[in-house]
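Before any comments, here is the structure.
Note that the numbering runs from 1 along the sequence shown for the chain. Note that ligands are numbered from 1 as they come in the structure, with each ligand's atoms numbered from 1 the same way.
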Amino acid sequence: MSEQDKKDLSFRTRAIHGGNDIDPATGAVVPPVHFASTFRQPGAGVWGEFDYSRSGNPTRAHLQTTLASLESGCGSLAYSTGMAAIHGVMMLLETGDHVIAGCDLYGGAYRLLHKICNRSGITVSLVDMTDVDAVAAAITDKTKLIWAESIGNPRLSIPDLPKLAELAKQRGVLIGVDNTFATPSLIRPLECGIDIVMHSATKYLGGHSDCLGGTVAVADPELYDRLYFILNATGAVLDPMSSFLITRGLKTLDLRVREQSKTALPIAKWLQEHPKVRNVLYPGLESHPQFELAGKLFEGGFGAMVTFELDAGIEETARVCEATKLFHLAVSLGAVESLIEQPATMSHASYDANDRAKFGITDGLIRLSVGLESFEDLKDDLAQAIG
Ligand SMILES: *Cc1c(COP(=O)(O)O)cnc(C)c1O
């Protein structure tokens with residue numbers, strides 16, 4: 001099938017056929033995994049399509065082709081981890097540049113900005129991304145990048161991506177979005193005018209808690225070239241086996257995300273009625289501050305991450321997290337098995353205590369990643385743990 005014909009296919013079909021051409025040598029419907037680190041060239045100084053696996057690898061290319069298609073980009077790049085992908089983007093910056101990032105930000109991104117990028121003289125302001133005026137007010141003549149999450153972490157805030165994209169364009173600032181929690185199944189930031197969309201492919205894209213990976217996709221070929229140059233020069237590329245696993249994960253991404261979202265909603269509703277639960281943060285609940293916006297921006301679901309706050313201190317909250325049997329006590333998210341964690345002591349422990357308090361990452365907060373198990377079993381597990 002030609003690349004042009006593939007463009008007209010639906011999201012689900014592209015997830016399966018996008019980058020997965022049959023193997024011309026054998027007809028295998030699943031392309032073989034290419035472990036070769038180097039490739040024989042037609043002549044000295046005459047280069048074939050692939051030369052050395054850091055610069056390009058066929059199995060990684062399959063993944064990148066599929067993902068670029070799913071994110072509506074001109075191209076995508078696969079990194080060894082999500083953090084390597086974020087770092088790849090941050091390496092676009094130079095000494096003296098300023099970044100505006102969301103105040104409920106992935107803990108690892110917070111650490112990268114505050115403990116690594118700062119060493120190169122890059123400054124960062126954390127701003128509530130749901131407040132477009134506050135983001136506008138934070139832009140200075142040094143600001144080069146706005147970094148948001150399509151669903152914030154752990155408070156599940158939803159920024160108005162089309163509005164932020166418009167602001168960034170007006171002010172000549174690049175804008176990137178970490179789309180890990182939402183996935184391209186629910187929202188495609190590039191279609192909202194965002195410049196860079198990034199994923200921890202370790203999560204929903206892979207979907208089975210069995211490999212690490214990160215991706216970036218862009219719509220502008222010039223920006224793609226700059227990011228490719230950095231990735232090739234610094235070397236944090238995704239290995240062939242993980243590229244294969246994530247390509248396989250993508251085939252069921254839409255199915256998994258929709259089904260997991262379908263279970264997350266009744267779990268959020270059930271938690272809301274529980275006497276020991278003070279507050280539930282889920283974009284699919286009317287009580288969520290961006291419920292209407294989420295309904296407008298997201299296609300067919302509100303995601304499968306649910307955060308709630310217990311009427312309890314740090315120790316009692318930890319005990320609830322330790323008492324579940326199906327929900328595994330673990331960081332990470334987005335896989336078929338459900339996970340539970342306490343942001344204050346786990347995913348967001350790398351935040352300063354002051355920033356945790358300021359941004360509502362309280363001791364009683366619990367974050368769930370709802371998997372593919374049945375609603376009844378998950379609800380019973382939470383009931384016995386909270387009870
Ligand atoms: C996990 C995660 C990352 C980092 O990805 P790794 O693959 O663990 O390096 C970045 N952003 C979000 C939202 C994540 O959940």
Side-chain angles (χ1 to χ4, degrees), residues 63 67 71 76-91 99 101-117 126 129 145 147-159 161 176-187 189 194 196-217 231 234-239 241-243 245-246 249-250 253 257 260 281 283 303-307 330-335 338-343 346-351 359 361 365 367-371:
L63 168 61
L67 192 80
E71 283 288 11
S76 98
L77 294 166
Y79 299 74
S80 54
T81 65
M83 285 319 304
I86 301 179
H87 192 211
V89 173
M90 296 306 160
M91 282 189 277
V99 182
C103 63
D104 77 305
L105 182 68
Y106 176 68
Y110 177 97
R111 182 171 52 201
L112 176 74
L113 287 166
H114 290 85
K115 308 238 158 91
I116 302 288
C117 296
L126 300 183
M129 285 290 155
L145 177 71
W147 188 254
E149 294 179 1
S150 46
I151 301 181
N153 181 3
R155 296 189 59 85
L156 310 186
S157 58
I158 314 286
L161 293 188
V177 165
D178 182 335
N179 200 28
T180 300
F181 276 34
T183 83
S185 175
L186 299 186
I187 186 169
I194 298 295
I196 302 171
V197 58
M198 168 265 155
H199 284 275
S200 168
T202 311
K203 316 294 166 54
Y204 288 101
L205 305 192
H208 294 76
S209 303
D210 54 8
C211 69
L212 296 170
T215 62
V216 155
L231 176 57
T234 54
V237 297
L238 191 64
D239 68 282
M241 193 61 202
S242 302
S243 297
L245 287 170
I246 293 164
L250 285 179
L253 174 73
V257 170
Q260 289 172 227
L281 299 165
M305 299 301 294
V306 178
T307 298
V331 292
S332 197
L333 58 114
S338 294
L339 301 177
I340 189 167
E341 67 112 6
Q342 183 179 31
M346 296 172 71
S347 62
H348 289 69
S350 51
Y351 269 55
F359 302 135
I361 304 166
L365 221 56
R367 193 187 77 183
L368 303 176
S369 170
V370 175

Which residues pass the salt bridge (charged side-chain N to carboxylate O under 4.0 Å, His left out) test with Glu71, not counting sequence neighbours? none
Got a sec, which residues hit side chain to side chain contact (heavy atoms under 4.5 Å, CB included) with Ser150, two or more places apart in sequence or on another chain? Leu161, Val177, Asn179, Ala182, Ile187
Which donor-acceptor pairs under 3.5 Å do the side chains of residues 207-215 make with protein atoms, sequence neighbours left out?
| unit_1 | atom_1 | unit_2 | atom_2 | d |
| --- | --- | --- | --- | --- |
| His208 | ND1 | Gly206 | O | 3.0 |
| Ser209 | OG | Glu337 | OE2 | 2.7 |

Are Asp178 and Leu105 close enough, and set up right, to give a side-chain contact (heavy atoms from CB on, under 4.5 Å), and what steps lead you there? CA-CA 9 Å; Asp178 182 335; Leu105 182 68; over 6 Å; no
Measure the acute angle between the ring planes of Tyr351 and Tyr110, then classify it against the limits of 30° and 60° as parallel, tilted or perpendicular. parallel
Considering only N or O atoms, set out every pair between ligand 1 and the protein closer than 3.5 Å, with distances to one decimal place.
| unit_1 | atom_1 | unit_2 | atom_2 | d |
| --- | --- | --- | --- | --- |
| ligand 1 | 5 (O) | Ser200 | OG | 3.0 |
| ligand 1 | 7 (O) | Gly82 | N | 2.9 |
| ligand 1 | 7 (O) | Ser200 | OG | 2.9 |
| ligand 1 | 7 (O) | Thr202 | OG1 | 2.7 |
| ligand 1 | 9 (O) | Gly82 | N | 3.0 |
| ligand 1 | 9 (O) | Met83 | N | 2.8 |
| ligand 1 | 11 (N) | Asp178 | OD2 | 2.6 |
| ligand 1 | 15 (O) | Lys203 | NZ | 2.8 |

Verify, without hydrogens or angle tests, whether Ser338 (side chain) and Gly371 (backbone) share a donor-acceptor contact under 3.5 angstrom. yes
